[in-house]
Amino acid sequence: MDIHSIIMKVLVVFALALASASAGLLPQVLPVHPRDLPVVPSIEGRITNGKDAVENQFPYQVSLSFGSDSGGWFCGGSIISAEWILTAAHCTSGASSVTIGYGATVRTAPKLSQTVSSGNFIQHASYNSVVLRNDISLIKAPAVTFSSAINKVVLPSIASSYSTYAGDTAIASGWGKTSDASSTVANSLQYETFTVVTNTVCSATYGSLIITQSVICIATPNKVSTCNGDSGGPLVQQSSNKLIGVTSFVSSAGCESGAPAGFTRTTSYLDWIKTNTGISY
């Protein structure tokens, strides 16, 4: 993050603080995209204190290695059709290309890899990195053939648009960091089950400016959470196996802080996805 971006964020938050006397509007704890957490290795990401996935357990999970003139970073994503990957806008932002790894349990050994340029990215036009709004992107890639190792995850139906999912169990998955203190990268795909919390509970930590109807949050007890490089990866409702969230932010206090973790709520963007891809359920 450059100094201009930092100054702009500070000014915006200061202006909002002056303009509003509403307790609960501003964060008690600052949220941050997992990609922006301090990290030693260039590849980031793992469910902290999670479990090892077995072969073909999450065929919809892809690894995303982004490149730019200023370096590279790592994110996750979800296959939503033979040609389309869903991820976070903060992952595609600033990238010139991405290498997509399909069908991997061991991160360095995907069944298939494809590299596409930023011309294949559709980043939400209203993505706002200050308040973490509309943190969602699509990547179009050459069509893949589905198998036991590579397959799509189903999106929720339009009829589910008003479901809060509060109290439901959901599974997040990703590669990499084992803890806030870790500087090593795990090769094995990690996952864990979490409980979705209400936005009221989540806004008690991050404020209603951050926690809008387009956000979904999970509880992160026992130092288990999404973390560096899980950015853009899937949150899947366990009962239906449908994609209900895209990994967006954690507490700036760290992945093991116990604060809720935030996701872009998929049901808020079904029309946007359909408009740009033709996919609907």
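Note that these values count all heavy atoms, side chains included, but never hydrogens, waters or copies made by symmetry.
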Should Trp84 and Lys152 count as side-chain neighbours, where that means a heavy-atom distance under 4.5 Å? no

Is any side-chain heavy atom of Leu86 closer than 4.5 Å to one of Ile136? yes

Flag, side chain of Ser96 to backbone of Gly67, donor-acceptor distance under 3.5 Å: yes

Check: Asp230/Thr247 side-chain N/O donor and acceptor closer than 3.5 Å: no

Determine whether a donor-acceptor pair (N or O, by modelled atom type, separation under 3.5 Å) exists between the side chain of Ser63 and the backbone of Arg107. no

Measure across Ser251 and Ser257 and return the closest heavy-atom pair with its distance rounded to 0.1 Å. CB-OG, 3.5 Å

Any chance you could lay out the side-chain contact (heavy atoms from CB on, under 4.5 Å) test for Gln57 and Ile171, step after step, and finish with the verdict? CA-CA 12 Å; Gln57 186 174 0; Ile171 300 172; over 6 Å; no

Ala259 backbone acceptor or donor facing Tyr206 side chain under 3.5 Å: no

If hydrophobic clusters are built by linking Ile, Leu, Val, Met, Phe, Trp and Tyr wherever their side-chain heavy atoms come under 4.5 Å apart, do Leu270 and Ile279 end up in the same one? yes

Does either side chain, that of Thr115 or that of Thr99, offer a donor lying less than 3.5 Å from an acceptor on the other one? yes

Please check if any side-chain donor atom of Ser160 sits under 3.5 Å from a side-chain acceptor atom of Ser157, or the reverse. yes

What distance do Thr145 atom OG1 and Asn151 atom CG have between them, rounded to the nearest 0.5 Å? 11.0 Å

Give me the ring orientation class for Phe66 and Trp73: parallel if the planes are under 30° apart, tilted from 30 to 60°, perpendicular past 60°. parallel

One should read off an interatomic distance between Leu64 CG and Phe74 CZ, to the nearest 0.5 angstrom, of 7.0 Å

Within the structure provided, determine whether Tyr269 and Asn134 are in side-chain contact (heavy-atom separation under 4.5 Å). yes

Where do Ser118 and Ala95 come nearest, in terms of heavy atoms and distance? CB-O, 3.4 Å

Would a single hydrophobic cluster contain both Phe146 and Ile100, if residues Ile, Leu, Val, Met, Phe, Trp and Tyr are joined by side-chain heavy-atom contacts under 4.5 Å? yes

dist Thr267:OG1 -> Lys242:NZ (nearest 0.5 Å) comes out at 11.5 Å

Using side-chain heavy atoms (C-beta onward) and a distance below 4.5 Å, is Pro142 in contact with Val116? yes

Min side-chain heavy-atom separation Val236-Phe58 under 4.5 Å: no

State whether the side chain of Asp168 and the backbone N or O of Gln237 hold a donor-acceptor pair below 3.5 Å, judged by distance alone. no

With a 3.5 Å distance limit and no angle check, can you tell me whether Ser93 reaches the backbone of Ala89 through a side-chain donor-acceptor pair? no

In sequence, state the C-alpha distance, the side-chain angles, and the governing distance for Leu138 and Trp272, and then conclude on side-chain contact (heavy atoms from CB on, under 4.5 Å). CA-CA 10 Å; Leu138 290 157; Trp272 179 82; 3.7 Å; yes

With the 4.5 Å side-chain cut-off for hydrophobic clustering, are Val201 and Tyr165 part of the same group? no

Any side-chain heavy atom of Thr212 sitting closer than 4.5 Å to one from Arg133? yes

Check whether any side-chain heavy atom of Asn199 lies under 4.5 Å from a side-chain heavy atom of Thr164, and answer yes or no. no

Are the side chains of Tyr102 and Lys111 in touch, meaning some heavy atoms are under 4.5 Å apart? no

Under 3.5 Å, is there a donor-acceptor pair between the side chain of Ser252 and the main chain of Leu30? yes

Nearest heavy-atom neighbours spanning Val215 and Cys217: CG1-SG, 3.9 Å

Applying side-chain contact (heavy atoms from CB on, under 4.5 Å), run through Phe263 and Val196 and close with a yes or a no. CA-CA 10 Å; Phe263 298 76; Val196 177; over 6 Å; no

Under 4.5 Å between side-chain heavy atoms, counting indirect links through other Ile/Leu/Val/Met/Phe/Trp/Tyr residues: same cluster for Ile139 and Leu112 or not? yes

Check: Gly245 main-chain N/O paired with Thr266 side-chain donor or acceptor under 3.5 Å: yes

Nearest-0.5 Å distance, CG of residue Leu243 to CG of residue Leu235: 7.5 Å

Check the hydrophobic clustering (I, L, V, M, F, W, Y; side-chain heavy atoms under 4.5 Å; chains of links allowed) and say if Val153 and Ile158 are grouped together. yes

Test side-chain contact (heavy atoms from CB on, under 4.5 Å) applied to Arg265 and Ile244, step by step: CA-CA 6 Å; Arg265 186 181 293 269; Ile244 61 172; over 6 Å; no

Nearest 0.5 Å, please: how far is CD1 in Ile85 from CD in Gln61? 10.0 Å

Within a reach of under 6.0 Å around CD of Gln213, are more than 12 heavy atoms found that belong to other residues, nucleotides or ligands? no

If we ignore angles and hydrogens, is there a donor and acceptor under 3.5 Å between the side chains of Thr92 and Ser137? yes

Evaluate whether atom CG of Asp271 has more than 12 neighbouring non-hydrogen atoms of other residues, nucleotides or ligands under 6.0 angstrom away. no

For the side chain of Ser208 and the backbone of Ile211, is there at least one donor-acceptor N/O pair under 3.5 Å apart? no

How close do Pro59 and Ile79 get, counting heavy atoms only, and between which atoms? O-CD1, 3.6 Å

Provide the closest heavy-atom pair for Cys202 versus Pro260 in the form atom of the first, atom of the second, distance. SG-CB, 3.9 Å

Between Asp135 and Ser248, the two heavy atoms sitting closest are OD2-OG, 2.7 Å

Checking Ser280 side chain against Lys274 main chain: does a donor-acceptor pair fall under 3.5 Å? no

Nearest 0.5 angstrom please: Lys140 NZ to Thr277 OG1, how far? 9.5 Å

